[in-house]
Enquirer: 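Sharing a structure below in structure tokens format, with a few things to ask.
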2 protein chains.
Amino acid sequence: MSESTVTDESAEGADACCVPLADIDSEALAADLQLLTAMGNDTRYELLRYVANADDGVCVCDLQDAVGVSQSAVSQALSRLYTAGLVTRRKEGSWRYYEPTETAAALLGTLDDLRGANE
Amino acid sequence: MSESTVTDESAEGADACCVPLADIDSEALAADLQLLTAMGNDTRYELLRYVANADDGVCVCDLQDAVGVSQSAVSQALSRLYTAGLVTRRKEGSWRYYEPTETAAALLGTLDDLRGANE
DNA sequence: GAAACATATTAGTAGCTGCTTGTATAAGCT
DNA sequence: AGCTTATACAAGCAGCTACTAATATGTTTC
């Protein structure tokens, strides 16, 4: 697949473009993508913002009223955020409180900065 | 569905949870989501990383060899990144060079920092 | 223990996403 | 002008995603 008649091509004039690029770390890529895909959904991002807004944790029942989807959908969304390392969860009686991680805070902070800078 | 006897509930003991949350700016949310969904895809994120790595712009043809999808898919992916404001494009002869925007640099930088801090 | 509440899990599915293939446009070369 | 190369656009579709509905699990209160 990667065998090509390099000498012929380079002698002809294709040398101004199409030079091979340096590889990028595929593990880092996968890690970043987990964060980005977890955040890149309407419901989940809205939930994450609500979680990040409240300093001492938000109860699921609060979140349920804030976004317009079913209880099940909220639970699934929060699980996904948890798996991605964007929120922590703590159980207190029959309620469960979610808090943002530093990862979430950093990314949301960057997004806030960008929005501020572009307007 | 949302009509409930508030006085009864609050008198009983449901006041430790389920307080209404402060609203979040839906315009900001949409703006952020455009960035996140644009970045939150394998092909597009890989392309964005390649674009960000090369300082003086990358030609589409270079990118095509780097990721494992068709020319058309690369073009579509780059268009999406452009629309989202993550890359700029400049035409030079028959080639087109892409460069990262400051927005992209900021977000990628944050992701790099996070990865560095967590390992 | 039973009923009510809070959350999670499972299964099923509508709709979106991202690809391929084919075609169009534009620029360079002969 | 005609051919080739570089890129974009359009249509079609396979596979994924995120929802709902139903059910299960755990907690509190009586």
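Numbers restart at 1 for each chain; the letters A, B, ... are given by sequence-line order, proteins then strands.
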Enquirer: Taking only N and O in the side chain of B:S94, is any of them less than 4.0 Å away from OP1 or OP2 of C:dG28?
Expert: no
Enquirer: Which residue, B:Y98 or A:K91, contacts DNA chain D at a nucleotide closer to its 5' end, judged by nearest heavy atom?
Expert: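 Mapping each residue to its closest nucleotide by heavy atoms, the 5'-most match is B:Y98.
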Enquirer: Are A:D32 and B:R49 within salt-bridge range, i.e. N to O under 4.0 Å?
Expert: yes
Enquirer: Please list residues of residues 74-83 of chain A whose heavy atoms come under 4.0 Å from any atom in DNA chain D, ordered by number; otherwise none.
Expert: A:Q76, A:R80
Enquirer: Between atom CD in A:E46 and atom C1' in D:dC19, what is the gap in whole Å?
Expert: 15 Å
Enquirer: Measure CG/B:D42 against C1'/D:dC16 and give the value in whole Å, please.
Expert: 14 Å
Enquirer: Using 0.5 Å steps for rounding, measure from the CD atom of A:Q34 to the CG atom of A:L36.
Expert: 10.5 Å
Enquirer: Check if the side chain of B:Q71 and the base of D:dA6 share a donor-acceptor pair of N or O atoms closer than 3.5 Å.
Expert: no
Enquirer: Counting N and O atoms only, with roles assigned by atom type, does the side chain of B:R44 sit under 3.5 Å from a partner on the main chain of B:T37, one being a donor and the other an acceptor?
Expert: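 Yes; at least one donor-acceptor contact below 3.5 Å.
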Enquirer: If you compare every side-chain N and O of A:R44 against the phosphate oxygens of D:dT17 (OP1, OP2), does one of them come in below 4.0 Å?
Expert: no
Enquirer: Tell me which of A:N41 and A:E92 sits closer to the 5' end of DNA chain D, going by the nucleotide each one is nearest to.
Expert: A:N41
Enquirer: Verify the contact: side-chain N or O of B:T43 to OP1 or OP2 of C:dG18, cut-off strictly under 4.0 Å; return yes or no.
Expert: no
Enquirer: How many Å lie between CD on B:Q34 and C1' on C:dT17, as a whole number?
Expert: 16 Å
Enquirer: Whole-Å distance between C:dA6 P and A:R90 CZ?
Expert: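 Distance, rounded to whole Å: 17 Å.
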Enquirer: B:Y98 and side chain to side chain contact (heavy atoms under 4.5 Å, CB included): which partner among B:L78, B:L81, B:T88?
Expert: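 Among B:L78, B:L81, B:T88, the one meeting side chain to side chain contact (heavy atoms under 4.5 Å, CB included) with B:Y98 is B:L78.
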Enquirer: Please check if the side chain of A:S75 supplies one atom and the backbone of A:Q71 the other of a donor-acceptor pair under 3.5 Å.
Expert: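 No; zero donor-acceptor contacts below 3.5 Å.
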Enquirer: Is the phosphate of D:dA6 approached by B:R96 (side-chain N or O, under 4.0 Å from OP1 or OP2)?
Expert: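 Negative; the distance criterion is not met.
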Enquirer: What is the separation between atom CH2 on B:W95 and atom P on D:dT5, rounded to the nearest whole Å?
Expert: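 Value for this atom pair: 12 Å.
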Enquirer: Return the value, rounded to whole Å, for the distance between atom OH of A:Y45 and atom P of D:dT17.
Expert: 21 Å
Enquirer: Rounded off to whole Å, could you give me the OH-to-C1' distance for the B:Y97 and C:dA27 pair?
Expert: 14 Å
Enquirer: For the base of D:dT7, is there a side-chain donor-acceptor partner from B:S72 under 3.5 Å away?
Expert: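 Under the 3.5 Å cut-off, the side chain and the base do not form any donor-acceptor pair.
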Enquirer: Kindly write out the residues that satisfy salt bridge (charged side-chain N to carboxylate O under 4.0 Å, His left out) with A:R80, not counting sequence neighbours, or none if the list is empty.
Expert: none
Enquirer: Please check if the side chain of B:R96 supplies one atom and the backbone of B:R90 the other of a donor-acceptor pair under 3.5 Å.
Expert: no
Enquirer: Send over the distance from A:M39 CE to D:dT17 P, rounded to a whole Å.
Expert: 18 Å
Enquirer: Quick one: which of C:dC19, D:dT7, C:dA8 gets closest to the side chain of B:V69?
Expert: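 The answer is C:dC19.
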